Amino acid sequence: MFKKILIANRGEIALRVIRTCREMGIKTVAIYSTADADSLHVRFADEAVCVGPPASSLSYLNIPNIMAAVEITNADAVHPGYGFLAENAEFAEICGQTGVKFIGPEPEHIRKMGDKITAKETMIKAGVPVVPGSDGLVKNIDDAITIAKEVGYPIMLKATAGGGGKGMRLVWTEDELEDNLNAAQNEARASFGNDGMYIEKFIEDPRHIEVQIAGDQYGEVCHLSERECSIQRRHQKLLEEAPSPFLTEDLRKRMGDSAIAAGKAIKYEGVGTVEFLVDKHHNFYFMEMNTRIQVEHTVTEEVIDYDLIREQIKIAAGEKITGENYYPSMHAIECRINAEDPYNNFRPCPGLITSFHSAKGHGIRVDTHVYAGYTISPYYDSMIAKLICKARTREECIAKMRRALDEFIVEGIVTTVPFHRQLMDNEDFIKGDFTTKFIETFDFKEKGKG
Ligand code: MV4
């Protein structure tokens, strides 16, 4: 087992990793920017190294400085958390070359799943259902016209280097195709330095449902059930839950089998997520694979009663998994509490938290790095806490979340708490009747109802 892990991240996920390391008897090293000197992850780690100024590009993304911190502290492994360097194949490679274990998959897995056409081709070979579309890259506009005609409008143009919605365009008719192809290519070139595009049939009003998997160094892969992630705004998830209220036992089994096939096809090592689009006819299609621990891993942890960070560390240290799949016996919901104004287009609201009282009591978990007196920096993402409720049924879980949101007090800054409270009274949400379009049509004017 590792003796000392450097956590190449900040905020709640850095704390989350430190906690598990403590329980496992592993020493921890925090890294921090000058803006984070007062952060809890710095205080709770055994050692801390400043890696640069506030801008992420100069600190949390500064590979030479982070590798220097690894060297001076003699850490034998690096946990990347999510975001920042978590899906950076070069960073994983440099760790490997330096003899420090990157807690995550091999660089080859990150690269393969990071290139969306390669990922899709890999899934086709593994027998995982994918959205009908072009066979690889679109060569030029004439090629695009031919393929789009075959696939049938509406179609989506997607960047092979993309993901999370960047470089993506919905096209309804042939006359709109050329302009959209040019615009998407320009956006992809500017964002990723790669303008390769592919075409897919547009799946109308889908749900976003993802399956958590784990694979060990010996080729064994299991799944740890699914998460419903359809409540999103501009590709930022706002709420996640497990299990998905939409899945039947049969569909759950088939999606689980597909996720395992996906993992086995690439001999995936570590914990990962296979994202699917699910249409109203219960057809499911591979969308993307995330090769990191995700923000919403907590809902899975709650429903299957399992520490996924511990699992990640054990797999990286070479331990075997049993290969048994997990099926939840509980329901869990996570509300992301962000320093944003939900009634003002989710405008970020950084600043000083003057008062902070988190919800408490039976079935409640709060993962956060903030406290009264903490200042939310404008440099990093605006998530300040994850409020997770667990109960035996979805109905009880929603009731518990209502109660928890009522007693969650944050003063000094504006947060998304009132939005979540309003959501808990929404009829369609309560029925489990929603798709990825839900937030677009959500009536924010009903404010103050709760
Ligand atoms: C799609 C789609 C419909 N049809 N692909 C959005 C992010 C990126 N990962 C893929 N996305 C989508 N791909 C086809 N062929 C609709 C979306 C999409 C979406 C997917 C999941 C969650 C929220 C979404 C919001 C808008 C569009």
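Position 1 is the first residue of the sequence, and the numbers go up from there. Read the numbers this way: they start at 1 and go in the same order the structure lists the ligands and their atoms. For the numbers below, each heavy atom of this structure counts, side chains included, while hydrogens, waters and symmetry mates do not. Not measured: the values here are computed from a predicted model.
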Determine, using heavy atoms of Gly165 and all atoms of ligand 1, whether some pair is separated by less than 4.0 Å. yes
Ring-plane angle category for Phe429 and Phe434, please: parallel below 30°, perpendicular beyond 60°, tilted otherwise. parallel
Considering only heavy atoms of Lys158, which atoms of ligand 1 have at least one such atom less than 4.0 Å away? 1 (C), 5 (N), 10 (C), 13 (N), 14 (C)
I would like to know whether Arg10 and Ser59 meet side chain to side chain donor-acceptor pair (under 3.5 Å); could you show each step before the answer? CA-CA 11 Å; Arg10 64 179 300 282; Ser59 51; over 6 Å; no
Give me the atom names and distance for the closest heavy-atom approach of Lys120 to Val131. NZ-O, 2.9 Å
Among side-chain atoms of Gln212 and Thr300, is any donor-acceptor pair under 3.5 angstrom? no
So is Lys201 polar-close to ligand 1, meaning N/O to N/O under 3.5 Å? yes
Quick check on contacts: which atoms of ligand 1 are under 4.0 angstrom from a heavy atom of His208? 21 (C), 22 (C)
Which residue owns the protein heavy atom closest to atom 4 (N) of ligand 1, what's the atom, and how far is it? Ile203 N, 2.9 Å
So Phe438 and Phe442, would you call those rings parallel, tilted or perpendicular, with 30° and 60° as cut-offs? tilted
Phe202 heavy atoms within 4.0 Å reach ligand 1 at atoms 3 (C), 4 (N)
I'd like to know whether Thr291 forms a side chain to side chain donor-acceptor pair (under 3.5 Å) with Glu87, so could you lay out the CA-CA distance, the side-chain angles of the two residues, the decisive distance to 0.1 Å, and finally the verdict. CA-CA 7 Å; Thr291 56; Glu87 288 170 295; 3.3 Å; yes
Residue pair Gln236 / Arg336, side-chain donor-acceptor N/O under 3.5 Å: no
Do Tyr379 and Ser33 meet the criterion of a side-chain donor-acceptor pair at a distance under 3.5 Å? no
Ignoring hydrogens, just give me the one of Lys437, His235, Glu288 whose non-hydrogen atom is nearest atom 26 (C) of ligand 1. His235
of all protein heavy atoms, closest to atom 2 (C) of ligand 1 is Met156 SD, 3.5 Å
Can you sort out which atoms of ligand 1 are near Val131, meaning under 4.0 Å from one of its heavy atoms? 15 (N)
Give the residue, atom name and distance (to 0.1 Å) of the protein heavy atom nearest atom 22 (C) of ligand 1. Thr436 CG2, 3.3 Å
Proximal atoms of ligand 1 relative to Gln232 (non-hydrogen, under 4.0 Å): 22 (C), 23 (C)
Where is the nearest protein heavy atom to atom 10 (C) of ligand 1: which residue, which atom, and how far? Met287 SD, 3.5 Å
